[in-house]
> 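First the structure, then my questions, so here it is.
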Amino acid sequence: MKTSPFSINHEWTFKPALFPEGLVPGYAPLRAATEADGLRSLGLIGCIGSVQMGRLFQWKRHQIRRMLDEKKLIQHLLLKNKNIIPIYTIGPRAAHLLNLEWSHEFWRTWPIERILSNLVFFQFCCAMRDKQKVFQIHSAPFPFTGRVEIGGESRNVLVIRGDTSHLPSMLRHSWHPIIAIAESLVVVQPINDLLKDAKLLLDTDLKEDYRFYRQIKGEWIIK
């Protein structure tokens, strides 16, 4: 199977932006509903890639540049096998406008697993927008990356990256049905029992008109 572009097995290095504490971002209003909705979604989840912003929020390059200048967005660098990938978090101006929690360096402690789970979550949202069109993005408690709401039905999204030994005790407390996203079926096998009622996608499904896997007698079958 081809290695996922979001695989934990690539050589990753995160280079967070240096943002001075106490910097006053100045005045800049929310200019459109798409700007407000996108910044709120980003603030609730964590970080996103530039291509994903364009697909999901329909932001153009000049809009992104303006939001960077206005400190609504902050750009960081993610290195994948020495290839540079710009990723973005919300800035202090967006946090103030949307009443979201923010710190001048909260991203500095993020492990690579969290960054990748954010990118996979938004990749799923891009695929879902192409197929589903209307849905809402919400935060979700750890170990879930986020929650999506479609037509009044909510599902917690679990992106499986790296070690899964911490998951058994936590997955039992999910108040919503689960969508799991993994690199391969092999990665999911150790926690199959905890995902009996979950829907599953593989990273490779996020480029297509996806169909979910479901468990039948312990085996994952596309339904």
> Any chance you could measure K207, atom NZ, to D205, atom CG, to the nearest 0.5 Å?
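So the NZ of K207 and the CG of D205 are separated by 11.0 Å.
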> For a quick test of your reading: what N or O donor-acceptor pairs under 3.5 Å do the side chains of residues 136-145 make, sequence neighbours left out?
unit_1, atom_1, unit_2, atom_2, d
H138, NE2, E149, OE1, 3.0

> Hey, could you give me the CZ/NE2 distance between F19 and H104, rounded to the nearest 0.5 Å?
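Separation between the atoms: 9.5 Å.
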> Do I150 and M128 touch side chain to side chain, with heavy atoms closer than 4.5 Å?
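Side-chain contact under 4.5 Å: yes.
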> Show the numbers, then the answer: is there a side-chain contact (heavy atoms from CB on, under 4.5 Å) between I74 and Y88?
CA-CA 6 Å; I74 297 175; Y88 301 83; over 6 Å; no
> Which donor-acceptor pairs under 3.5 Å do side chains of residues 48-55 form with protein atoms, sequence neighbours excluded?
unit_1, atom_1, unit_2, atom_2, d
Q52, OE1, G49, N, 2.9
Q52, NE2, L119, O, 2.8
Q52, NE2, Q123, OE1, 3.0
R55, NH2, D130, OD2, 2.7

> Can you tell me how far CD of E11 sits from CD1 of I8, rounded to the nearest 0.5 angstrom?
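So the gap between those two atoms works out to 12.5 Å.
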> Determine whether a donor-acceptor pair (N or O, by modelled atom type, separation under 3.5 Å) exists between the side chain of Q75 and the backbone of P86.
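Checked: no pair found.
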> Tell me the closest heavy-atom pair linking S7 and L116, and the distance in Å.
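Shortest heavy-atom separation between S7 and L116 comes out as O-CD1, 4.1 Å.
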> Is it the case that N81 and H10 place a side-chain donor and acceptor less than 3.5 Å from each other?
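Yes - a donor-acceptor pair under 3.5 Å links their side chains.
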> Is there a side-chain contact between W220 and Q189 (heavy atoms, below 4.5 Å)?
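The answer is yes; the side chains approach within 4.5 Å.
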> With a 3.5 Å cut-off and no angle check, do the side chains of S4 and E183 form a donor-acceptor pair?
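No.
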> Could you work out, with side chain to side chain contact (heavy atoms under 4.5 Å, CB included) as the rule, every residue matching L18, not counting sequence neighbours?
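Per chain and number, L18 pairs via side chain to side chain contact (heavy atoms under 4.5 Å, CB included) with R108.
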> Please tell me if the side chains of W59 and L39 come closer than 4.5 Å, counting only heavy atoms from C-beta onward.
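Side chain of W59 against side chain of L39, heavy atoms only: contact under 4.5 Å found.
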> Partners of D37 by side chain to side chain contact (heavy atoms under 4.5 Å, CB included), sequence neighbours excluded?
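D37 satisfies side chain to side chain contact (heavy atoms under 4.5 Å, CB included) with R40 only.
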> Considering non-hydrogen atoms only, spot the tightest contact between I45 and R114 and give its length.
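Heavy atoms of I45 and R114 come nearest at O-NH2, 3.5 Å.
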> Mark yes or no for whether Q63, through its side chain, and K60, through its backbone, hold a donor-acceptor pair below 3.5 Å.
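Present.
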> Does the gap between the ring centers of F212 and Y210 come in under 6.0 Å?
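That pair passes the under 6.0 Å test.
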> If you compare all heavy atoms of F57 against all heavy atoms of S41, which two are closest, and at what distance to 0.1 Å?
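Closest approach of F57 to S41, heavy atoms only: CZ-CB, 4.1 Å.
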> Is I222 reachable from V187 through a run of I, L, V, M, F, W or Y residues, each pair having side-chain heavy atoms under 4.5 Å apart?
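They do share one cluster, since a chain of ILVMFWY contacts under 4.5 Å joins V187 to I222.
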> Find the distance between CD1 (I85) and CZ (F14) and round it off to the nearest 0.5 Å.
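Going from CD1 on I85 over to CZ on F14, the span is 12.0 Å.
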> Taking the side chain as C-beta and beyond, is there a heavy-atom pair between L200 and R214 under 4.5 Å?
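With C-beta onward as the side chain, the pair stays apart.
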> When you check the side-chain N and O atoms of W110 and N118, is any donor under 3.5 Å from an acceptor?
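The criterion, which ignores hydrogens and geometry beyond distance, is not satisfied for N118 and W110.
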> Counting only N and O atoms by type, is there a donor-acceptor contact under 3.5 Å from the side chain of W102 to the main-chain atoms of I90?
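Yes; at least one donor-acceptor contact below 3.5 Å.
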> Supply the atom-to-atom distance C125 SG to L56 CG, rounded to the nearest 0.5 angstrom.
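That separation rounds to 6.0 Å.
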> Which heavy-atom pair separates A180 from L195 by the least distance, and what is that distance?
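Result for this residue pair: CB-CD1, 4.3 Å.
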> Is a side-chain N or O of R93 found less than 3.5 angstrom from the main chain of Y27, in a donor-acceptor match?
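Not confirmed, R93 side chain does not pair with Y27 backbone.
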> Is there a side-chain contact (heavy atoms from CB on, under 4.5 Å) between Y213 and I221 once you walk through the steps?
CA-CA 5 Å; Y213 289 82; I221 307 296; 5.9 Å; no
> Does L79 have any side chain to side chain contact (heavy atoms under 4.5 Å, CB included) partners at least two apart in sequence or in another chain, and if so, which?
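Per chain and number, L79 pairs via side chain to side chain contact (heavy atoms under 4.5 Å, CB included) with T13, K15, L77, I84.
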> Tell me, please, which residues at least two apart from R31 pass side chain to side chain contact (heavy atoms under 4.5 Å, CB included).
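R31 satisfies side chain to side chain contact (heavy atoms under 4.5 Å, CB included) with P29, E35, R66, E70, K72 once adjacent residues are dropped.
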> Measure across A36 and L30 and return the closest heavy-atom pair with its distance rounded to 0.1 Å.
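Of all heavy-atom pairs spanning A36 and L30, the closest is CB-CD1, 3.9 Å.
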> Using a 6.0 Å cut-off, check whether atom CG of D163 has over 12 heavy atoms from anything other than its own residue.
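Yes, CG of D163 has more than 12 neighbouring heavy atoms, counting only those of other groups under 6.0 Å.
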> Cut-off 3.5 Å, side chains only: do S117 and R161 have a donor facing an acceptor?
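Not at all, the side chains of S117 and R161 share no donor-acceptor pair under 3.5 Å.
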> Any non-hydrogen side-chain atom of I178 less than 4.5 Å from a side-chain atom of D197?
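In short, these two side chains do not touch, never coming nearer than 4.5 Å.
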> With side chains defined as the heavy atoms from C-beta onward, is the minimum distance between L167 and L158 less than 4.5 Å?
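SC-SC contact between L167 and L158 confirmed.
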> Do H176 and R147 pass the side-chain contact (heavy atoms from CB on, under 4.5 Å) test, and can you show the C-alpha distance, the side-chain angles, and the key distance before you say yes or no?
CA-CA 9 Å; H176 300 285; R147 180 165 55 88; 3.5 Å; yes
> Give the C-alpha distance, both sets of side-chain angles, the deciding distance and a yes or no for side-chain contact (heavy atoms from CB on, under 4.5 Å) between L42 and T89.
CA-CA 7 Å; L42 176 54; T89 60; 5.6 Å; no
> Looking at I87 and C47, what are the two nearest heavy atoms and their distance?
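Answer, listing the atom of I87 first, then C47: CD1-SG, 4.3 Å.
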> Side chains of V157 and V159: does their closest heavy-atom pair fall under 4.5 Å?
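Yes, their side chains come closer than 4.5 Å.
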> Heavy-atom distance under 4.5 Å between the side chains of I181 and L202, does that happen here?
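Result no, sub-4.5 Å side-chain heavy-atom pair not found.
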> Charged N to carboxylate O under 4.0 angstrom, K131 versus D209?
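A salt bridge links K131 with D209.
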